[in-house]
S.K.: 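Below: one structure in structure tokens.
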Amino acid sequence: MAHTTLSTTSRTALEGLASDLREIFGNRLLSVCAYGQAARGDDVQSLALVDRLTFDDLAACLPFSRKWDRAGLAVPLILERDEFVRTLDVFPLEYGEIIADHAPVYGEDPFDGLEVAAEDLRRGCEFHAKSHLIHLREAFLETGGDPKDVSRLISGSAPGYRRLLANVVALVDPANARADAHDLAAVAERILGVPAATTMDVLAAQSGALSTIADPTALLARYIEAVERLWEYVDAWRP
């Protein structure tokens, strides 16, 4: 289940964070784990599950926030464990990603025996796809058709598109959930009917590859069609 790999520096920083949280919560601190970003060089994200959380606890965390920032840590997500379990159906994609990609730092692995229901994942993917589609349509109108603004729209939305594809692929074909960009494009074409060429062009835009295209509007049209296809697919899919 746990996949995130921590560097020695990150693990040391996280162990320090866990020590700080133990000072605040005592035996109410059940577990601390890193997730997601920890493997990608950004500020390390972490989740702390506690038995009970009060506003006074949050206030007690304030003096540590700058210390955590200097250590390269994002502010931890602190939740009551019961709260986390009861909202798996509310945040299926977000929590599902944490469960699938994390590294325990303190306490027992908090996700043993936990999984997000397939129908909750499907609903989360549908919401993500429809939201992304609406954003692209509205943002295109806001560009006024200016090629530079259209390019920025494509490049700025590319990371969200990649997450959307990965989430839908993970829903219908979990074996390919962690595919790289090229393999993800191929899997999405084979399973979802989304053209691989469109996916690769959109994902390439994240690195500035659109700067040499005189009019990126044609790519945006293909991009919107691909997201429409994704939404239609996941809307009709059932476990």
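Since we're looking at a predicted model, the values are computed, not measured.
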S.K.: A side-chain contact here means heavy atoms from C-beta on lying under 4.5 Å apart; do Arg52 and Phe25 qualify?
M.R.: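 Result no, sub-4.5 Å side-chain heavy-atom pair not found.
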
S.K.: Asp149 vs Arg152, test: salt bridge (charged side-chain N to carboxylate O under 4.0 Å, His left out). Steps then yes/no.
M.R.: CA-CA 5 Å; Asp149 288 340; Arg152 282 192 285 267; 2.3 Å; yes

S.K.: Asp20 and Lys67: salt bridge (charged side-chain N to carboxylate O under 4.0 Å, His left out), yes or no, with the steps?
M.R.: CA-CA 10 Å; Asp20 296 336; Lys67 172 187 174 183; 3.0 Å; yes

S.K.: Is a salt bridge present between Glu126 and Lys130, judged by a nitrogen-to-oxygen distance below 4.0 Å?
M.R.: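 Judged by the 4.0 Å cut-off on N to carboxylate O distance, Glu126 and Lys130 do not form a salt bridge.
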
S.K.: Of the options Leu21, Asp57, Leu29, which is the one that meets Ile78 in a side-chain contact (heavy atoms from CB on, under 4.5 Å)?
M.R.: Leu21

S.K.: Would you check if the side chain of Arg122 reaches a backbone N or O of Val234 as a donor-acceptor pair within less than 3.5 Å?
M.R.: yes

S.K.: Counting neighbours of CD on Glu232 that are heavy atoms of other residues, nucleotides or ligands and sit closer than 6.0 Å, is the number greater than 12?
M.R.: yes

S.K.: Any donor-acceptor pair under 3.5 Å linking the side-chain atoms of Thr199 with those of Tyr161?
M.R.: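 Their side chains do contain a donor-acceptor pair, which is all the 3.5 Å distance test asks for.
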
S.K.: Indicate yes or no: at least one non-hydrogen side-chain atom of Leu88 is less than 4.5 angstrom from one of Asp120.
M.R.: no

S.K.: Can a salt bridge be assigned to the pair Arg137 and Glu228 using a cut-off of 4.0 Å between side-chain N and carboxylate O?
M.R.: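 Salt bridge: yes.
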
S.K.: Taking atom types as modelled and ignoring hydrogens, do the side chains of Thr9 and Thr12 form a donor-acceptor contact shorter than 3.5 angstrom?
M.R.: no

S.K.: Donor-acceptor check, side chain of Ser10 to backbone of Leu6, threshold 3.5 angstrom: yes or no?
M.R.: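 Checking the backbone N and O of Leu6 against the side chain of Ser10, no donor-acceptor pair under 3.5 Å is found.
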
S.K.: Using residues 216-223 as the side-chain source, report each donor-acceptor pair under 3.5 Å to any protein atom, sequence neighbours left out, with the distance given to one decimal.
M.R.:
{"from": "Thr217", "atom 1": "OG1", "to": "Asp215", "atom 2": "OD1", "distance (Å)": "2.8"}
{"from": "Arg222", "atom 1": "NH1", "to": "Thr198", "atom 2": "OG1", "distance (Å)": "3.0"}
{"from": "Arg222", "atom 1": "NH2", "to": "Asp201", "atom 2": "OD2", "distance (Å)": "3.0"}
{"from": "Tyr223", "atom 1": "OH", "to": "His132", "atom 2": "NE2", "distance (Å)": "2.8"}
{"from": "Tyr223", "atom 1": "OH", "to": "Ser157", "atom 2": "O", "distance (Å)": "3.4"}
{"from": "Tyr223", "atom 1": "OH", "to": "Ser157", "atom 2": "OG", "distance (Å)": "2.9"}

S.K.: Is Arg123 reaching over with its side chain to a backbone N or O of Asp89, donor-acceptor style, under 3.5 angstrom?
M.R.: no

S.K.: Only counting residues at least two apart or in another chain, list the ones meeting ring-ring contact (aromatic ring centres under 6.0 Å, His included) with Phe84.
M.R.: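 Counting only residues at least two positions away or on another chain, Phe84 forms a ring-ring contact (aromatic ring centres under 6.0 Å, His included) with Tyr95, Phe111.
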
S.K.: Please check if Val116 and Leu114 belong to a single hydrophobic cluster, counting links between Ile, Leu, Val, Met, Phe, Trp and Tyr side chain heavy atoms closer than 4.5 Å.
M.R.: yes

S.K.: Would you say His128's side chain and Gly124's backbone share a donor-acceptor pair under 3.5 angstrom?
M.R.: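 Answer holds: no.
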
